[in-house]
Amino acid sequence: MPITPATAATSPSNGTGESILLELVDEDGRTIGTAEKLSAHQAPGQLHRAFSVFLFDEQGRLLLQQRALGKYHSPGVWSNTCCGHPYPGEAPFAAAARRTYEELGVSPSLLAEAGTVRYNHPDPESGLVEQEFNHLFVGMVQSPLRPDPEEIGGTAFVTAAELAERHEKDPFSAWFMTVLDAARPAVKELTGPSAGW
């Protein structure tokens, strides 16, 4: 994993055992403080900065990930390519690129901002709440994936039609459709009209 000032100070893998802090924001996305990651997700939840990444292959298929069964939040469900939280003071774009590499072992060949969306999604299974001001990114992936098994249980590239079928039968994260719908204009611009997004 690339080491940045943010990861060196807060990564649980550096042996310090420090808590991971999230950036708390107001309704306009302005930073107002920090909170420990788990406490920010406990009901009713604290509004915090997050990001969601949607990567596509050259055929316009979306890369989905299945969250590993060992994850404390929404384990085993399918979701967008990558999502997470910037460290306090870390730019969302940098965090999205960093986390995509950490989880999937690949750097996007293209990554572009696609707006923001604010939502409140409780997870009935865990009782945790996603109160997020989410920065959206779309891009391309053209290198072989090397998923981290502690983060990812599976991956799949799907067309828009295949996603619709899969969404009917497989469990997806509570936030998935919210972030996909918010990113859809940028997705359509990236993949073109023939991809059907």
Side-chain angles (χ1 to χ4, degrees), residues 2 4-12 18-56 62-65 67 71-74 77-103 107-108 110-140 151 172-191 197:
T4 66
T7 57
T10 55
S11 173
E18 289 181 36
S19 297
I20 294 175
L21 294 178
L22 306 185
E23 199 168 83
L24 300 180
V25 299
D26 65 15
E27 292 292 335
D28 296 314
R30 291 184 294 253
T31 303
I32 57 171
T34 60
E36 192 278 323
K37 183 176 178 181
L38 186 57
S39 69
H41 288 87
Q42 291 172 338
Q46 294 173 280
L47 184 59
H48 58 275
R49 195 175 308 285
F51 63 83
S52 290
V53 177
F54 297 86
L55 296 182
F56 294 82
L62 172 61
L63 173 57
L64 298 177
Q65 71 153 274
R67 293 168 63 84
K71 304 226 11 135
Y72 77 95
H73 189 348
S74 303
V77 302
W78 288 90
S79 199
N80 49 292
T81 307
C82 180
C83 55
H85 310 93
Y87 294 123
E90 183 182 24
F93 184 94
R98 169 184 58 79
R99 198 69 188 133
T100 299
Y101 182 83
E102 289 172 355
E103 291 190 5
S107 294
L110 170 74
L111 192 64
E113 294 183 11
T116 60
V117 63
R118 191 261 195 254
Y119 53 79
N120 177 0
H121 284 300
D123 175 32
E125 293 291 318
S126 66
L128 299 174
V129 178
E130 289 288 5
Q131 280 264 25
E132 294 189 329
F133 188 93
N134 198 300
H135 296 256
L136 308 170
F137 298 93
V138 299
M140 302 277 298
E151 297 289 342
F172 273 74
S173 64
W175 62 87
F176 175 75
M177 286 309 298
T178 300
V179 292
L180 176 59
D181 287 344
R184 220 176 271 273
V187 168
K188 289 178 180 177
E189 186 176 340
L190 175 72
T191 59
W197 292 101

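Heavy atoms only: backbone and side chains are in, while hydrogens, waters and symmetry mates are out.
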(message) Just so I know, are the side chains of L111 and L55 near enough to count as touching, which here means a heavy-atom distance under 4.5 Å?
(response) yes

(request) Please round to the nearest 0.5 Å and tell me the distance separating atom CG of L24 and atom CD of Q131. (result) 11.0 Å

(request) Would you mind reporting whether E102 and E151 have side-chain heavy atoms less than 4.5 Å apart? (result) no

(message) Rounded to the nearest 0.5 Å, what separates atom CG in L110 from atom CE in M140?
(response) 7.0 Å

(request) Measure the CG-CZ distance between N134 and F51 for me, rounded to the nearest 0.5 Å. (result) 8.5 Å

(message) Ignoring hydrogens, what is the shortest heavy-atom contact between C82 and E103? Give both atom names and the distance.
(response) SG-OE1, 3.8 Å

(message) Counting C-beta onward and ignoring hydrogens, is there a side-chain heavy-atom pair between V77 and F172 closer than 4.5 Å?
(response) no

(request) Describe, in one word, how the ring planes of W175 and H73 are oriented to each other, choosing from parallel (under 30°), tilted (30 to 60°) and perpendicular (over 60°). (result) perpendicular

(message) If I compare all heavy atoms of T100 with all of V53, which pair ends up nearest, and what's the gap?
(response) OG1-CG2, 3.9 Å

(request) Locate the shortest heavy-atom distance separating R67 from S79; write the atom from each residue and the value. (result) CD-CB, 4.5 Å

(request) Assign the ring pair H41 / H85 to parallel, tilted or perpendicular, where the plane angle (0 to 90°) is split at 30° and 60°. (result) perpendicular

(message) Would you say that L190 contacts W197 through its side chain, given a criterion of any heavy-atom pair below 4.5 Å between the two side chains?
(response) no

(request) With the side chain counted from C-beta on, respond yes when L38 and L128 share a heavy-atom pair under 4.5 Å apart, and no when they do not. (result) yes

(request) Taking all non-hydrogen atoms of both residues into account, name the closest pair between N120 and P122 and its distance. (result) O-CD, 3.7 Å

(message) Between T81 and L63 (side chain of the first, backbone of the second, donor and acceptor by atom type, cut-off under 3.5 Å), is there such a pair?
(response) yes

(request) In sequence, state the C-alpha distance, the side-chain angles, and the governing distance for S39 and Q46, and then conclude on side chain to side chain contact (heavy atoms under 4.5 Å, CB included). (result) CA-CA 8 Å; S39 69; Q46 294 173 280; 4.2 Å; yes

(message) Taking the ring of F133 and the ring of H135, is the distance between their centroids below 6.0 Å?
(response) yes

(message) In the structure I gave you, are the side-chain heavy atoms of F137 and P92 within less than 4.5 Å of one another anywhere?
(response) yes

(request) Decide yes or no on side chain to side chain contact (heavy atoms under 4.5 Å, CB included) for N80 and L180, but give the supporting numbers first. (result) CA-CA 8 Å; N80 49 292; L180 176 59; over 6 Å; no

(request) Give, for atom OG of S173 and atom NE2 of H121, the distance between the pair rounded to the nearest 0.5 Å. (result) 8.5 Å

(request) First locate atom OG1 of T34, then atom CG of L22, and finally report the distance between them rounded to the nearest 0.5 Å. (result) 9.0 Å

(message) When you compare the side chain of L47 with that of E27, does any pair of heavy atoms fall below 4.5 Å?
(response) yes

(message) Determine whether a donor-acceptor pair (N or O, by modelled atom type, separation under 3.5 Å) exists between the side chain of D26 and the backbone of D28.
(response) yes

(request) Specify the closest pair of heavy atoms between P88 and L21, including all atoms of both residues, with the distance to one decimal. (result) CD-O, 3.2 Å

(request) Would you mind checking if E90 and R49 are paired as a salt bridge, meaning a charged N to carboxylate O distance below 4.0 Å? (result) no

(request) List the atom of A186, the atom of A114, and the distance in Å for their closest heavy-atom pair. (result) CB-CB, 3.4 Å

(request) For E113, look at atom CD and say whether over 12 heavy atoms of other residues, nucleotides or ligands are found less than 6.0 Å away. (result) no

(message) Ignoring hydrogens and geometry beyond distance, is a side-chain donor-acceptor pair present between E23 and H48 at under 3.5 Å?
(response) no

(message) Can you confirm whether Q42 is buried at CD, in the sense that more than 12 heavy atoms of other residues, nucleotides or ligands lie under 6.0 Å from that atom?
(response) yes

